[in-house]
Amino acid sequence: MSGETKKKSKNASSREQKFFNKWRTLFQFLVTHVMYMIRFKLVYRLEVQGKENIPENNAFIVAANHLSTLDPPLMCAVMNRPVAYMAKKELFVNPFMRWWLNWLGAFSVDREHLGVSTIKTVLTIKKTNWVLGIFPQGTRQEPGKISNITKGFASLAKSTKCGILPVGIVGTQEAKRIPFSGKIVVKIGELIPYSDNVDDMVAQWIEAIQKLTGFKYEHD
């Protein structure tokens with residue numbers, strides 16, 4: 001990776017409040033609530049349950065299980081506000097992908113180390129009308145089980161005093177492969193209040209996702 005590319009990737013991890021402006025809000029709305037939502041509703045028979053559990057303020061982190069590349073736009077489409085997602089820093093190397101992710105409000109993160117810039121960006125998001133979106137499993141997982149969970153999302157909740165909104169996703173892995181077959185179901189659970197006990201928040205999230213999806217937790 002060249003020095004210039006490294007610099008751009010690093011800069012993508014730090015976002016100022018002005019980054020989350022009306023133009024990115026509009027862009028994400030058009031992409032997710034219009035383009036993707038039409039696809040989700042008509043092609044994949046999307047069903048959403050529990051929208052009444054979405055807090056009125058933005059002091060929360062959207063934390064969902066992860067099955068498919070459709071999951072990030074799906075989460076943006078079902079929320080009633082824009083969602084800023086963490087994306088692995090490698091995705092920002094490609095110029096087009098970097099442009100696309102920037103306009104969708106994403107920011108880069110080193111999955112091995114949550115740096116100071118990441119925490120600052122999350123605190124910045126809290127000051128806007130956006131919320132943070134994250135997949136605690138890190139990468140896509142097989143349906144039916146919950147595994148490979150990192151504690152970073154709970155640590156961020158503790159550091160930023162944000163609750164955790166558990167969201168269960170079922171069916172996106174099938175929808176991605178076979179259009180007009182299967183069904184996508186999204187279930188939004190009750191908010192998990194932030195606390196100083198990171199392990200307890202992780203355990204509550206696992207329990208919530210198991211109930212929302214019917215998947216079983218497998219210890220690493």
Side-chain angles (χ1 to χ4, degrees), residues 28-29 31-55 60-88 91 104-106 111 131-154 156-157 162-193 200-220:
Q28 186 181 106
F29 179 86
V31 171
T32 62
H33 286 69
V34 180
M35 293 171 55
Y36 271 99
M37 186 55 89
I38 292 173
R39 179 182 177 189
F40 290 138
K41 286 283 189 179
L42 298 182
V43 180
Y44 302 132
R45 299 185 297 145
L46 172 65
E47 178 183 337
V48 181
Q49 302 175 17
K51 291 198 74 169
E52 67 276 5
N53 291 326
I54 301 175
F60 67 95
I61 295 171
V62 179
N65 64 301
H66 199 8
L67 300 173
S68 163
T69 53
L70 289 175
D71 296 339
L74 174 63
M75 287 297 90
C76 294
V78 302
M79 288 292 140
N80 55 8
R81 68 204 69 195
V83 182
Y85 269 98
M86 290 181 175
K88 60 183 181 180
L91 293 176
L104 286 174
R111 292 185 296 185
V131 293
L132 173 67
I134 192 169
F135 295 106
Q137 292 170 289
T139 58
R140 298 186 297 276
Q141 303 292 321
E142 294 181 15
K145 66 179 183 180
I146 305 166
S147 60
N148 298 320
I149 298 167
T150 61
K151 298 181 181 180
F153 75 108
L156 282 174
C162 284
I164 298 171
L165 188 67
V167 180
I169 304 173
V170 176
T172 51
Q173 81 289 346
E174 295 177 0
K176 184 169 182 278
R177 290 195 291 265
I178 312 172
F180 298 103
S181 66
K183 181 180 180 68
I184 296 177
V185 178
V186 176
K187 295 182 180 180
I188 303 169
E190 296 183 359
L191 187 73
I192 300 169
D200 183 59
M201 283 189 287
V202 172
Q204 287 187 63
W205 182 82
I206 293 172
E207 182 179 1
I209 296 301
Q210 288 188 108
K211 290 180 179 178
L212 294 169
T213 62
F215 296 171
K216 298 300 181 182
Y217 173 60
E218 294 186 357
H219 294 273
D220 298 333

With sequence neighbours excluded, residues passing side-chain hydrogen bond (donor to acceptor under 3.5 Å, both in side chains) with Lys145:
none

side-chain hydrogen bond (donor to acceptor under 3.5 Å, both in side chains) partners of Asn65, counting only residues at least two apart:
none

Return the set of residues passing side-chain contact (heavy atoms from CB on, under 4.5 Å) with Cys162 (not counting sequence neighbours), or none when no residue passes.
Ile61, Lys126, Thr160

Counterpart residues, ring pair (Phe, Tyr, Trp, His ring centres under 6.0 Å), relative to Phe215 (two or more places apart)
none

Residue set satisfying side-chain contact (heavy atoms from CB on, under 4.5 Å) with Ala77, at least two apart, ordered chain then number -> Thr32, Met37, Phe40

Hits for side-chain contact (heavy atoms from CB on, under 4.5 Å) against Ile38, two or more places apart or cross-chain, chain-then-number order -> Val34, Leu42

Distance-only check: which donor-acceptor pairs under 3.5 Å involve side-chain atoms of residues 185-192, not counting sequence neighbours?
none

Sorted by chain and residue number, the salt bridge (charged side-chain N to carboxylate O under 4.0 Å, His left out) partners of Lys51 (sequence neighbours excluded) come out as none

Could you pull out all residues at least two apart from Gln204 that satisfy side-chain hydrogen bond (donor to acceptor under 3.5 Å, both in side chains)?
Asp200

Can you tell me if Gln137 uses its side chain to pair, donor with acceptor, with the backbone of Asn148 under 3.5 Å?
no

His66: side-chain hydrogen bond (donor to acceptor under 3.5 Å, both in side chains) partners, not counting sequence neighbours
Asp71

side-chain contact (heavy atoms from CB on, under 4.5 Å) partners for Lys211, two or more places apart
Glu207

